[in-house]
Each structure stands twice: as C-alpha cells, then as structure tokens.
Amino acid sequence: MITKEQVLHALSHVEEPDLKKDLVTLNMIQHIEILPNKVKFDVVLTTPACPLKGHIEHACRNAIALFIGKDVEVDINMTSRVVSTESAQLEDIKNIILVSSGKGGVGKSTVAANLALALAETGAKTGLLDADIYGPSLPIMFGLEGARPESIQTPQGKTKILPLEKFGLKLLSIGFFTDPNQPIPWRGPMATSAIKQLFGDTHWGDLDYLVVDMPPGTGDIHITVAQSYPISGAVIVTTPQHVALADAIKGIGMYQMEGINIPILGVVENMSYFTPAELPSNRYYIFGKDGGKRLSESNNVPFLGEIPLVKAVADAGDNGFPILLDADEPISQAYKEIAGRVAQELSILASKV
C-alpha cells in the first residue's frame with residue numbers, strides 16, 4: 001500500500017523553478033488521497049497564470065513514477081492561491097500592478113488592458129483601473145462610452161462606487177464620470193484627490209490583481225499612488241525608439257527612488273516591429289531594434305516581451321473588443337506570455353518577503 005510519506009518524499013524532489021525550493025517545503029502539495037494503485041493530490045501554485053504549470057505537473061508525474069512506481073495512476077489537480085501584499089486600505093486586493101511609461105503614445109493603455117484580460121483569462125480575479133485622468137481610454141477600448149457606474153452602501157454605512165464588469169474584468173475609469181468632449185484642467189491637488197477616490201471609494205471586492213493604467217510621465221499622481229497604497233510592482237512600457245527609452249529610464253528611476261521603492265516587474269517593448277497582415281512572416285523595425293531589451297539589461301530588470309505593431313490591435317481597441325479576446329490573432333499569445341511572466345515576478349518577489 002502506498003503511503004502519504006512516500007508521496008511527499010517523491011514530490012520533495014520536484015523544485016519550483018522560480019522559487020528554487022521543492023514543492024513540499026513550499027507547502028504546495030495538499031489534499032493527498034491514497035487509493036489502490038492510485039494517488040491524488042493538489043498542487044497549489046502561487047498564481048493561476050503560472051507559465052510553468054505544465055512543466056511542474058510533468059515533473060510531479062515523473063517523480064511518482066521514479067520513487068513509487070511507473071504503474072501508479074496519478075491524478076493531479078493543478079490549482080492556485082495568489083499570494084498577497086499586506087494592505088490596511090485595500091485589504092481585499094492581493095496585488096496592485098502599475099502599468100507605466102515615461103512618455104505618452106507608446107501604447108501603455110493597450111498593454112494594460114490586454115495584460116488585465118490575460119490574467120483574468122487564467123482564472124485570476126482581476127480589475128482594471130484607468131488612472132490616466134488626463135486621457136482616459138478605457139471607456140472606448142471596452143465599448144463602454146456613456147456607461148455610468150452605480151453606487152452601493154457597505155455594511156459600515158459608507159457609499160462606494162461599484163465597478164462595471166465586462167469580459168470578466170471589474171472596470172473603473174475617470175472617463176465614466178466626465179464628458180468625453182470637454183477638457184478637465186486638473187490641478188495637482190484635484191488630480192490626486194480624484195485618484196484616491198478611484199482607489200479607496202470603490203467596492204472592488206476580492207481581487208487577485210488590480211492592474212492600474214497610470215498617466216504618462218513621473219508626476220504627482222505617481223507619487224501619490226506609490227506612497228498611499230501597497231503596490232506590488234510596476235510594468236514599464238516603451239517602444240524601441242531612443243526618445244521613448246530615455247523617458248522610460250526616468251520612469252524606472254522614479255519607482256526606485258528612496259521613499260517609493262516599488263519593484264520593477266519588467267519592461268514591455270511595444271511596437272517592436274511592423275508586420276503587415278498580408279505578410280505575417282515579415283518584420284520591419286520602424287522604431288529601431290532591441291531597445292527594450294537593452295533598457296532592461298542596463299537597469300537590471302526583467303524583460304517581459306515584445307509586442308509587434310499590428311493594425312488589428314488598434315482596430316480592436318477602437319471597436320471596444322481588445323485584441324486578446326480574439327484567439328485567432330497570434331499577438332494575443334504574446335500578451336498571455338507577458339502576463340505569465342508578470343505573475344512569475346510577483347510570486348518570486350512574494351517569496352522573498
């Protein structure tokens with residue numbers, strides 16, 4: 001008869017590739033069940049977006065075959081429990097991810113939207129906050145122009161905003177409360193007050209990830225958000241172009257300043273190359289090549305991936321149906337891979353706390 005101790009011994013030889021410890025030590029093996037010539041157990045990953053899920057499952061099966069027997073049937077339930085950043089203000093949100101850029105026009109909002117959708121597609125409870133109050137684009141990108149969130153009363157008697165929900169995401173934008181045809185000349189205190197309301201006066205519910213589309217630059221809003229809430233990490237979006245890289249360096253530097261100290265989860269290089277729809281194998285490096293990789297290497301931060309310049313991405317955003325939702329588009333896979341790497345980096349950071 002197979003014993004629980006035998007199963008644990010076998011699985012203690014399986015290492016979590018990112019955390020560099022075995023699954024048993026990390027308490028990732030749970031609910032072991034022994035049946036005649038069969039073992040069942042859960043592998044509890046640190047995120048449903050883990051890109052190494054298949055690798056870990058395969059390693060577990062090999063370990064059982066090697067240390068217990070090749071004829072043993074193995075039933076593995078790959079599940080997850082997202083690790084949390086401690087927060088008194090936003091206790092139901094486990095991780096806040098800032099998507100930032102040094103300058104506008106690099107596709108930051110598109111990256112934020114598709115990153116959030118990719119995380120949600122893995123089963124993670126995900127929200128997207130459009131904090132770019134100078135140019136909110138979430139209402140257009142999700143086909144929610146003219147939509148207005150409702151409010152609810154909490155058990156504590158507070159009135160809170162109820163985010164809209166679409167495509168499996170909880171969504172909130174300053175654009176839901178303003179006239180899209182009227183400019184709003186935000187002064188610094190007004191802008192920071194509005195951002196605090198979007199964060200703190202919203203009933204987000206339980207979230208594994210809140211992705212925040214930040215304004216471009218390095219201004220008041222960035223400092224307010226960074227110092228007011230427990231930010232898990234920041235994603236820096238750039239293009240390969242030198243002028244964009246110069247500003248992205250400043251964005252990285254701001255998050256690494258004393259008093260802010262937000263981990264950089266990595267760099268996303270957007271508009272890496274142009275690929276015409278009729279010539280999908282062709283690549284034209286309009287803005288230069290490998291600028292994002294060099295930026296990540298010189299600043300010792302991860303490189304999360306490349307997103308090509310494809311007309312379908314712009315069309316999808318304008319049509320209110322982000323590109324990730326189109327499974328037939330190869331570019332959607334690039335976003336999914338980036339989401340997996342972001343989740344990886346968060347898990348690695350959490351293991352060091």
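Using a cut-off of 4.0 Å between Lys/Arg side-chain N and Asp/Glu carboxylate O, Lys125 and Asp208 are scored as not salt-bridged. Under a 4.0 Å N-O distance rule, the pair Asp201/Lys196 does not qualify as a salt bridge. Ion pairing of Arg61 with Glu57 is present here, as a side-chain N (NZ or NE/NH1/NH2) and a carboxylate O approach within less than 4.0 Å.
The nearest pair of heavy atoms linking Ser232 to Leu346 is CB-CD2, 3.6 Å. Nearest approach of Pro330 to Asp328, heavy atoms of both residues: CD-O, 3.4 Å. For the pair Pro240 and Met271, the tightest heavy-atom approach, listed with the atom from each and the gap, is CD-O, 3.7 Å. Across Val106 and Ala244, no two heavy atoms sit closer than the pair CG1-CB, 4.2 Å. Between Ala49 and Ala339, the shortest heavy-atom distance links the atoms CB-O, 4.5 Å. Minimum interatomic distance between Trp204 and Lys170 (heavy atoms only, all atoms of both residues): O-NZ, 2.7 Å.
Residues Val14 and Asp22 form no side-chain contact, since every pair of their non-hydrogen atoms from C-beta on lies 4.5 Å or further apart. Counting only heavy atoms from C-beta outward, the side chains of Tyr335 and Pro322 never approach each other to under 4.5 Å. Within the 4.5 Å cutoff, side-chain heavy atoms of Met214 are placed close to those of Val225. Pro139 is listed as a side-chain neighbour of Asp130, based on a closest heavy-atom distance under 4.5 Å. Between Ser151 and Lys160 the shortest side-chain heavy-atom distance does not fall below 4.5 Å. With a 4.5 Å cut-off on side-chain heavy atoms, Val212 and Phe199 count as touching.
For the residue pair Ser109 and Asp213, a side-chain donor N or O sits within less than 3.5 Å of a side-chain acceptor on the partner. Side-chain contact of Thr47 with Tyr209: a donor-acceptor pair under 3.5 Å is present, judged by distance alone. Under 3.5 Å, the side chains of Glu329 and Ser332 contain no donor-acceptor pair of N or O atoms.
The salt bridge (Lys or Arg N to Asp or Glu O under 4.0 Å) contacts involving residues 64-79 comprise Lys38-Glu73, where partners must be two or more places apart or lie in separate chains. A ring pair (Phe, Tyr, Trp, His ring centres under 6.0 Å) check over residues 7-43, counting only residues at least two apart or in different chains, returns the pairs His9-His13, His9-Phe67, His13-Phe67. Among residue pairs with one or both ends in residues 259-286, those qualifying as ring pair (Phe, Tyr, Trp, His ring centres under 6.0 Å) are Tyr273-Tyr285; sequence neighbours excluded.
Judged by distance alone, with hydrogens and angles left aside, the side-chain atoms of Asn319 form no donor-acceptor pair with the main-chain N or O of Phe321 at under 3.5 Å. Between the side chain of Asp42 and the backbone N or O of Val44 there is no donor-acceptor pair closer than 3.5 Å. Under the 3.5 Å distance criterion, the side-chain polar atoms of Lys20 are matched with a main-chain donor or acceptor of Pro17. Of the possible polar contacts, one joining the Gln6 side chain to the Thr3 backbone as a donor-acceptor pair under 3.5 Å is found. Judged purely by atom type and a 3.5 angstrom limit, His222 uses its side chain to pair as donor or acceptor with the backbone of Pro215. Of the possible donor and acceptor atoms, none in the side chain of Arg341 sits under 3.5 Å from a partner among the backbone N and O of Pro51.
Of the candidates Leu172, Val99, Leu138, Leu138 is the only one forming a side-chain contact (heavy atoms from CB on, under 4.5 Å) with Leu128. Of the listed residues (Thr46, Asp18, Asn95), just one forms a side-chain hydrogen bond (donor to acceptor under 3.5 Å, both in side chains) with Ser347, and that residue is Thr46.
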Original post:
Between Val235 and Val268, is a side-chain contact (heavy atoms from CB on, under 4.5 Å) present by the stated rule, with each step listed?
Top reply: CA-CA 7 Å; Val235 172; Val268 173; 3.7 Å; yes

**OP:** Would you sort out whether Lys94 and Asp206 count as a salt bridge (charged side-chain N to carboxylate O under 4.0 Å, His left out), showing the intermediate values?
**Re:** CA-CA 8 Å; Lys94 293 181 179 178; Asp206 292 329; over 6 Å; no

Original post:
Does the side-chain hydrogen bond (donor to acceptor under 3.5 Å, both in side chains) test come out yes or no for Glu269 and Thr239, once each step is laid out?
Top reply: CA-CA 5 Å; Glu269 185 185 272; Thr239 66; over 6 Å; no

Cut-off 3.5 Å, no hydrogens considered: what does the side-chain donor-acceptor table look like for residues 299-311, sequence neighbours left out?
unit_1: Asn299; atom_1: ND2; unit_2: Leu295; atom_2: O; d: 2.9
unit_1: Lys311; atom_1: NZ; unit_2: Asp315; atom_2: OD1; d: 3.2
unit_1: Lys311; atom_1: NZ; unit_2: Asp315; atom_2: OD2; d: 2.9

If you look only at distance, which donor and acceptor atoms sit under 3.5 Å apart when one is on a side chain in residues 110-121 and the other is two or more places apart or in another chain?
unit_1: Asn114; atom_1: OD1; unit_2: Leu324; atom_2: N; d: 3.0
unit_1: Asn114; atom_1: ND2; unit_2: Thr110; atom_2: O; d: 2.9
unit_1: Glu121; atom_1: OE1; unit_2: Lys336; atom_2: NZ; d: 3.1

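The neighbour count for Glu278 CD, taken as heavy atoms of other residues, nucleotides or ligands under 6.0 Å away, is above 12. Remark: Gln153 CD is packed, more than 12 non-hydrogen atoms of other residues, nucleotides or ligands lying under 6.0 Å away.
Under a hydrophobic-cluster definition in which Ile, Leu, Val, Met, Phe, Trp and Tyr are linked whenever side-chain heavy atoms come within less than 4.5 Å, directly or via other members, Leu171 and Leu162 are assigned to different clusters. Cluster membership for Met257 and Ile262, using ILVMFWY side-chain heavy atoms within less than 4.5 angstrom, is shared.
In terms of the salt bridge (Lys or Arg N to Asp or Glu O under 4.0 Å) criterion, Lys166 has no residue partners (sequence neighbours excluded).
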